A.B. asks: 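Would you mind keeping the following structure in view while I ask a few things?
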Amino acid sequence: MTFKDKIAIIGAGCTKFGENFNMSYGDMVFEAAKEAFEDAGVEGKDIDAAWLGTAFPDAGVYKGRSGMDLAEPLGLFDIPITRVSNYCATGGDAFRNGCNSLLSGESDLVLALGAEKLRDRTPQDSIVRMMVDTGHPIYQKGFTAAGTFAVVGTRYMHVYGDITEQLAKISVKNHYHGSLNPKAHYQKPITMEQGLKSPMVAYPVNLMGSCPTTDGSAAVVLTRAEDAKKYTDDYVLLKGYSLSISTGWDLPFYDPDYDFLGYRATQVAGQNAYKQAGIQDPFKELDLAEMHDCFNVVEFITYEDLGLCEKGKASELIDNEVTTLGGELPVNVSGGLLSCGHPVGATGVRMLYELTKQLQGKADKRQVENARLGLAHNIGGPGAVASITILGAK
Amino acid sequence: MAGIISYGVYLPNYQMSGDVLQKAWGRPAGKGTKVVSNHDEDSLTMAVAASLVCLKDLGVGIIDGLYFSSTTAPYAEKMNASVIATALDLNRDAFTMDIGSSLRSGSNGLKVAFDTISSGSKTNIVTVASDSRMAEPGSYLEPFLGDGAVAFLIGKGNPIADIIDYHSVYDGLPDVWRKQDDQFLRHDDVRYSRTEHYGRNMMNAIEGLFEDGNYCAEDFSKAVIFSPDGRSHFTVAKNLGFQQEQVQDTLMLRTGLIGSAHGLMMLATALDEAKPDDLILFANYGDGADAFAIRATKFIEDNEEGSLPEVEKERRSIGSYTKYLTFRNLVGNFELETPFTSIPLLRREEDLNIRLHGKKCNECGKVMTLALKVCPHCRSAKEFMDIRLSKRGKIVTYSQEHYYPTPEPPVTMAVIDLDGGGRILAQMTDTDASEVKVDMLVDLTFRRLHTGGGFVNYSWKCKAARGGGSK
């Protein structure tokens with residue numbers, strides 16, 4: 001079944017991403033939803049179903065464990081609200097569920113919102129603690145999140161040769177893009193020297209190649225495409241989406257068949273989404289992409305997983321600046337996770353916010369020229385779950 | 001007849017020379033080098049390592065007892081030997097026992113194992129001594145103490161040496177001691193100890209042995225006499241009529257005194273060189289003394305390997321005294337804060353994570369190393385065959401973690417393909433981060449992971465395989 005052109009995003013909102021010390025989880029939910037409602041020209045009371053994406057309530061203030069934590073800050077009572085959790089694909093999955101509700105006819109106007117409040121704790125006490133202290137007493141002890149992805153970089157370099165410089169170039173590119181985004185956590189460009197020589201976090205991933213610990217929330221308002229005009233003339237259309245889980249939390253490191261050269265979750269979700277959207281040659285047809293650069297090596301490998309280049313050739317895209325703003329296929333013009341930060345549940349929805357603004361031509365200094373078709377990608381767990389959403393201009 | 005079937009010495013991978021101590025404390029600390037265990041080692045993990053060396057290719061199925069001797073067992077209450085037996089994957093009905101408190105506990109274990117076998121109640125017992133004793137930083141004892149473990153397999157069959165006589169004396173007054181609430185060792189007047197604690201007890205035990213068996217010094221090819229300081233044993237040997245060339249090297253300058261395992265290590269090096277029918281005197285000290293007459297059999301000729309580990313050549317110097325203090329948890333804090341653990345979980349997964357049993361899919365033949373009900377390769381949910389995993393493998397890929405709490409960053413996390421099938425993920429230890437490479441050969445080594453739940457959570461890490469890194 002294809003969902004192409006059946007769903008419209010009619011409004012999008014996003015808080016400033018950063019260390020939002022003066023905002024609670026509920027404050028951020030309120031701000032993101034308010035912007036999305038105003039953009040769509042609707043009010044909270046018009047929403048008849050909602051999905052809340054929060055991945056790690058326990059890494060924050062225990063908010064986001066259920067739909068209640070969306071209902072309360074918005075006064076959104078007496079409708080179905082479901083909390084979604086699917087690691088870094090959480091935001092994308094909240095959106096997917098919202099689409100499905102509309103397509104099934106369960107609802108007519110849906111809010112999909114992601115929020116994560118991580119900085120009421122120190123960074124060491126939030127995401128880092130999850131890996132270091134609260135996981136399985138034996139498995140993965142010694143890993144941080146960076147390391148779970150770094151192993152792909154190490155293996156890739158063993159097979160295809162050194163990519164240290166290309167990884168640094170990704171960091172430089174995304175921090176440059178972040179300097180153009182007033183909602184990014186970091187808005188300062190970095191030098192190639194910083195990209196190469198910042199302190200190592202988990203070899204081969206260094207500090208400038210790692211996303212920070214960040215608070216944020218983002219929201220989109222959806223309706224069936226045929227109803228979009230009732231609310232606004234300026235909407236974008238869903239072209240395809242897919243969510244795929246290809247392994248478990250520990251299995252990638254214990255599976256003798258895994259080659260550590262890419263993520264099947266991304267590959268499968270990408271192919272499914274392309275099929276729905278009718279995309280034959282993604283590199284030629286896509287105008288921009290938001291990719292899951294939680295660590296620079298993940299963006300690198302995603303070029304190959306999404307079929308934008310041949311296996312082993314991602315370096316060429318970077319060296320030729322194809323994925324920089326102004327290039328043939330700009331990637332992470334928002335600044336990506338490296339600049340925006342990664343409030344986990346919010347990130348996927350933040351990407352949809354970015355694509356919506358880009359496809360509407362409202363992205364200001366970071367606007368991609370003639371943006372007609374954009375892709376958002378998240379990969380979560382240790383490369384286990386991927387969400388792909390493709391949006392197109394009206 | 002019961003006797004020594006094999007033995008194995010484990011010495012940790014770090015050493016600290018007198019220079020480092022001299023620099024730290026501004027006074028001479030001797031010419032010796034002390035072996036220092038890594039921050040993730042304790043007497044229990046070292047005992048596992050020594051036992052693995054001792055057992056070599058012998059299947060663990062024949063072992064029906066394990067005795068663990070130490071003055072520094074990690075648990076005061078809760079048996080330590082049972083953890084070692086689990087890591088060694090011994091049969092569940094093996095008889096396990098801790099022998100504690102005394103520096104002499106190593107030779108106590110040898111005696112008790114010998115008696116157990118002789119009685120016929122058991123057939124093969126590993127008796128392993130291990131210690132990581134702590135002197136107060138800056139104290140007289142500090143330069144003398146090293147860490148290590150030695151295991152002996154006592155059994156019937158074809159022993160390389162028979163224990164033919166034994167004599168023991170005890171002494172209730174304290175020479176070297178540590179009360180329940182003491183962190184560091186205390187000791188009596190050193191000069192008094194040389195003659196009145198050490199000298200008197202050793203003489204009494206050995207003279208008793210001579211009397212029992214009607215021996216004299218000339219009967220022995222080697223006198224293995226424990227020494228608290230690397231020299232007092234010469235006086236004992238001389239008083240008994242031994243010539244200097246009969247006296248076995250104490251190894252003090254090479255390793256430091258490795259506690260309850262030290263005498264056994266000296267015995268191991270004497271057996272390395274022994275020939276059939278050689279008679280060896282072995283005398284061990286601590287709260288009295290144990291003396292043994294041990295005779296090598298014709299099977300000693302098959303005993304080829306030198307027992308002092310090859311790793312001695314590759315051993316790494318601990319560069320600074322501060323690092324030593326962090327290893328012993330005396331400065332800095334590198335413990336995980338509140339690591340989660342669960343005893344029900346650890347029990348469910350013990351076969352997999354501690355005993356290292358994998359599951360082989362009957363459908364596709366792939367080896368699984370996680371507790372799964374469905375094979376991730378062929379998706380069959382049929383029966384799986386239990387197999388014992390290898391402790392050697394090759395690195396597939398790795399990361400190096402600079403933000404994981406450890407006194408020795410970065411922590412290398414290695415994905416390893418085990419020989420014979422199965423893939424695991426393990427922390428790397430005892431290996432310089434700069435040496436790590438894809439395809440490097442590694443051996444699994446039993447280590448402390450953390451102390452979540454208030455107990456020690458042990459599991460397997462990996463280290464560069466002995467005798468060379470990459471294949």
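Predicted model only: the values in this text are computed from it and were never measured. Computation of the quantities below employed the complete heavy-atom set of this structure, encompassing side-chain atoms and omitting hydrogens, waters and symmetry-equivalent molecules. So that the names make sense, note that chain A is the first sequence line, chain B the second, and so on, each numbered from 1.
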A.B. asks: Looking at A:His136, A:Met131, A:Gln124, which makes the most heavy-atom pairs under 4.5 Å with chain B?
C.D. replies: A:His136

A.B. asks: Is it the backbone or the side chain of B:Thr369 that comes under 4.5 Å from a heavy atom of chain A, or both, or neither?
C.D. replies: both

A.B. asks: Using non-hydrogen atoms and a 4.5 Å limit, figure out which bit of A:Gln140 sits close to chain B: side chain, backbone, both or neither.
C.D. replies: both

A.B. asks: Scan side-chain atoms only and decide if B:Thr445 and B:Arg447 contain a donor-acceptor pair under the 3.5 Å cut-off.
C.D. replies: yes

A.B. asks: Around B:Lys360, counting heavy atoms of other residues, nucleotides and ligands shown, do more than 12 lie under 6.0 Å from its NZ?
C.D. replies: no

A.B. asks: How many angstroms lie between atom CE of A:Met208 and atom CD of A:Gln194, to the nearest 0.5 angstrom?
C.D. replies: 5.0 Å

A.B. asks: Please report the closest heavy-atom contact between A:Gly178 and A:Ala184, naming both atoms and the distance.
C.D. replies: O-CB, 3.9 Å

A.B. asks: Side chain, backbone, both or neither: which part of B:Pro409 has a non-hydrogen atom closer than 4.5 Å to chain A?
C.D. replies: neither

A.B. asks: Do B:Asp42 and B:Tyr458 have side-chain N/O donor and acceptor atoms under 3.5 Å apart?
C.D. replies: yes

A.B. asks: To the nearest 0.5 Å, how far apart are CG in A:Leu337 and CZ in A:Phe295?
C.D. replies: 9.5 Å

A.B. asks: Please work out whether the ring planes of B:Tyr398 and A:Tyr203 are parallel, tilted or perpendicular, with thresholds of 30° and 60°.
C.D. replies: parallel

A.B. asks: Under 4.5 Å from any heavy atom of chain A, what part of B:Leu346 do you find: side chain, backbone, both or neither?
C.D. replies: side chain

A.B. asks: Looking at chain A, which one of B:Lys461, B:Glu401, B:His402, B:Gln427 has the largest number of heavy-atom pairs inside 4.5 Å, strictly under?
C.D. replies: B:Glu401

A.B. asks: Find the one option among B:Asn457, B:Val396, B:Thr341, B:Val411 whose heavy-atom pairs under 4.5 Å with chain A are most numerous.
C.D. replies: B:Val396

A.B. asks: Most heavy-atom pairs under 4.5 angstrom with chain B, which of A:Gly135, A:Gly142, A:Pro252?
C.D. replies: A:Gly142

A.B. asks: Under a 4.5 Å heavy-atom cutoff, which of A:Gly248, A:Pro204, A:Ala146, A:Pro256 has the most pairs with chain B?
C.D. replies: A:Pro256

A.B. asks: A:Tyr258 versus chain B, heavy atoms under 4.5 Å apart: side chain, backbone, both or neither?
C.D. replies: both

A.B. asks: Pick one of side chain, backbone, both or neither for B:Leu345, based on which atoms fall under 4.5 Å of a heavy atom in chain A.
C.D. replies: side chain

A.B. asks: Is a salt bridge present between B:Lys323 and B:Glu408, judged by a nitrogen-to-oxygen distance below 4.0 Å?
C.D. replies: yes

A.B. asks: Relative to chain A, which segment of B:Leu336 carries a heavy atom at a distance below 4.5 Å: side chain, backbone, both, or neither?
C.D. replies: both

A.B. asks: Among the options A:Val201, A:Thr134, A:Val152, pick out the one with the most heavy-atom pairs lying under 4.5 Å from chain B.
C.D. replies: A:Val201

A.B. asks: Okay, side chain of A:Glu316, backbone of A:Lys313: is any donor-acceptor separation there less than 3.5 Å?
C.D. replies: no

A.B. asks: Report the option among A:Tyr156, A:Phe260, A:Phe149 that has the most heavy-atom pairs separated by less than 4.5 Å from atoms of chain B.
C.D. replies: A:Phe260

